[in-house]
Amino acid sequence: MRQAWLLAWSLAGALVLALLAALVAGAVYGAEAARQTAIVLAPLGVVTTLIAGGLVAGRARIGGLRRQFAVAAIVAVATLLAATGLFTARMFVSNHDALFTAILAVYAGVIGWWAGALLAGRALADVDVVRDGLRAVGEGERDVAFPTTGRDEIADLAVAAAAMSHKLAGEERARRELVAAVSHDLRTPLTNLRLVADAVGDGVLPDADRDAYLSQLSVHVRQLGALIDDLFELSRLEAGDIRWSVEHVDLTGLVQETVDSMRSQAALSSVEVRTELAGDRVRAQANPEQLQRVLFNLIQNAVRHTPADGSVVVRAAVRGNDIQVEVADTGAGIPPDSRERIFDAFVRGDDARTTDGAGLGLAIARAIVEAHGGRIWLADADVGTRVRFTVPAAA
């Protein structure tokens with residue numbers, strides 16, 4: 001249906017152009033010139049348009065772009081020669097003038113076809129580069145270059161293809177690192193479980209030690225279960241499979257409640273936890289349980305990596321249509337080479353963090369914040385680490 005409409009509009013356009021050409025000829029040379037121009041151009045335009053429509057419909061039978069460009073060039077040259085021949089036959093009195101006009105038309109047509117072939121050849125060479133590069137990416141190569149010569153849409157396509165290849169390489173590298181990290185973090189509790197189970201199963205343990213080993217078995221089972229639960233929840237969050245009900249949340253009260261519940265744990269490490277909140281109540285549009293989970297994650301992480309006599313400060317303030325929350329600590333900070341990936345799964349900010357947890361806390365926090373329509377990032381800090389995130393403010 002669309003092709004039929006396009007052909008109809010093309011036919012109408014050809015007739016309108018023939019009429020305009022006739023009007024120009026009539027204005028310069030009179031009514032007879034206008035009539036002859038219309039007689040020549042209108043049928044020629046209709047026939048050429050119908051041929052072009054047939055070629056478009058039969059593109060698959062013509063073949064590649066080179067053949068399509070060649071056929072289009074032949075049609076254009078043939079149209080030029082036909083128009084020249086008809087005009088000279090109907091309007092020129094001198095055969096001498098008609099011959100030179102025909103020679104001029106043939107020469108212009110051939111030169112135009114050759115110039116178009118050169119330009120099309122260069123463009124098609126770039127198409128070949130993109131095609132071969134994408135084929136290489138499809139076969140598994142990732143360090144693929146797309147060296148085009150133009151600055152046109154094909155060059156834009158090459159840039160997009162190179163970016164896709166680079167992104168695929170990054171995703172594959174991240175997947176390999178994720179599999180390695182999951183394997184490592186599962187291996188430790190599984191190894192401990194096997195050792196404890198073997199010791200209990202051998203029956204060589206005294207009764208007094210059996211209870212201690214069973215207690216260790218329970219700890220390792222809980223550790224393994226928590227890791228699997230976190231992995232499952234993170235995968236569902238990133239896939240968008242989890243939906244929460246959102247409501248107006250008193251964020252000021254939620255922050256204060258979370259910090260109050262963390263003070264006793266922080267005091268064991270001699271770390272001060274406090275809030276710096278505005279006097280007015282700050283209300284967000286969010287799920288309170290998930291938002292509190294993000295706060296717990298960030299505050300626990302900050303307390304864990306803040307030295308004795310250090311401090312953790314939680315701030316919240318309105319920023320336009322969002323609420324911005326900041327958790328700042330006076331710890332060692334995040335190394336520059338880890339800052340960009342600190343919110344990825346199984347990434348820890350320093351060597352000291354490799355012994356605490358599986359590195360899923362910040363990844364889950366990011367997934368929860370992004371599911372609320374906010375974002376989370378590391379802000380610049382002279383001392384320690386500043387983690388900020390936003391959630392929509394309540395209307």
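Computation of the quantities below employed the complete heavy-atom set of this structure, encompassing side-chain atoms and omitting hydrogens, waters and symmetry-equivalent molecules. Everything numeric in this text was worked out from a predicted model, so none of it was measured.
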Does one hydrophobic cluster hold both [X] and [Y], with members joined at side-chain heavy-atom distances below 4.5 Å?
X	Y	value
Leu15	Leu44	no
Val144	Leu168	yes
Val303	Phe296	yes
Leu157	Met164	yes

**Message:** In the structure I gave you, are the side-chain heavy atoms of Val282 and Leu277 within less than 4.5 Å of one another anywhere?
**Reply:** no
What's the separation between atom [atom1] in [X] and atom [atom2] in [Y], rounded to the nearest 0.5 Å?
X	Y	atom1	atom2	answer
Thr37	Glu32	OG1	CD	9.5 Å
Thr385	Leu298	OG1	CG	11.0 Å
Leu11	Thr48	CG	OG1	10.5 Å
Leu23	Leu19	CG	CG	4.5 Å
Ile334	Leu362	CD1	CG	7.5 Å
Leu124	Ile154	CG	CD1	7.0 Å

Acceptor/donor pairs from residues 125-140 side chains to any protein atom, 3.5 angstrom cut, sequence neighbours excluded:
residue: Asp126; atom: OD1; partner: Thr149; partner atom: N; Å: 3.1
residue: Asp126; atom: OD1; partner: Thr149; partner atom: OG1; Å: 3.3
residue: Asp126; atom: OD2; partner: Thr149; partner atom: N; Å: 3.4
residue: Asp126; atom: OD2; partner: Thr149; partner atom: OG1; Å: 3.3
residue: Asp126; atom: OD2; partner: Gly150; partner atom: N; Å: 3.4
residue: Asp128; atom: OD1; partner: Arg131; partner atom: NH1; Å: 3.4
residue: Asp128; atom: OD2; partner: Arg66; partner atom: NH2; Å: 2.9

Determine the minimum heavy-atom distance between [X] and [Y], stating which atoms define it.
X	Y	answer
Gln285	His372	O-CD2, 4.3 Å
Asp322	Pro392	OD1-CA, 3.7 Å
Arg263	Arg274	NH2-CA, 4.0 Å
Ala286	Leu291	CB-CD2, 3.9 Å
Pro43	Ile39	CD-O, 3.0 Å
Val246	Asn287	CG1-N, 4.1 Å

**Message:** More than 12 heavy atoms of other residues, nucleotides or ligands under 6.0 Å from CH2 of Trp377: yes or no?
**Reply:** yes
**Message:** Is it the case that over 12 heavy atoms from other parts of the model lie below 6.0 angstrom from the NE2 atom of His166?
**Reply:** no
**Item:** Donor-acceptor contact below 3.5 Å, side chain Arg366 vs main chain Ile376
**Value:** no
**Prompt:** Where the side chain of Thr390 meets the backbone of Arg375, is there a donor-acceptor pair that is under 3.5 Å apart?
**Reply:** yes
**Request:** Could you check Asp250 against Leu254 for side-chain contact (heavy atoms from CB on, under 4.5 Å), going step by step and ending with a plain yes or no?
**Result:** CA-CA 6 Å; Asp250 177 8; Leu254 188 68; over 6 Å; no
**Residues forming a side-chain hydrogen bond (donor to acceptor under 3.5 Å, both in side chains) with Ser165, sequence neighbours excluded** = none
Enumerate, atom names and distances included, each donor-acceptor pair closer than 3.5 Å involving a side-chain atom of residues 310-319, sequence neighbours excluded.
residue: Arg315; atom: NE; partner: Glu276; partner atom: OE1; Å: 2.8
residue: Arg315; atom: NH1; partner: Glu326; partner atom: OE2; Å: 2.5
residue: Arg315; atom: NH2; partner: Glu276; partner atom: OE1; Å: 3.4

**Item:** Check against side-chain contact (heavy atoms from CB on, under 4.5 Å), Phe389 and Leu295
**Value:** CA-CA 10 Å; Phe389 69 91; Leu295 289 169; 4.1 Å; yes
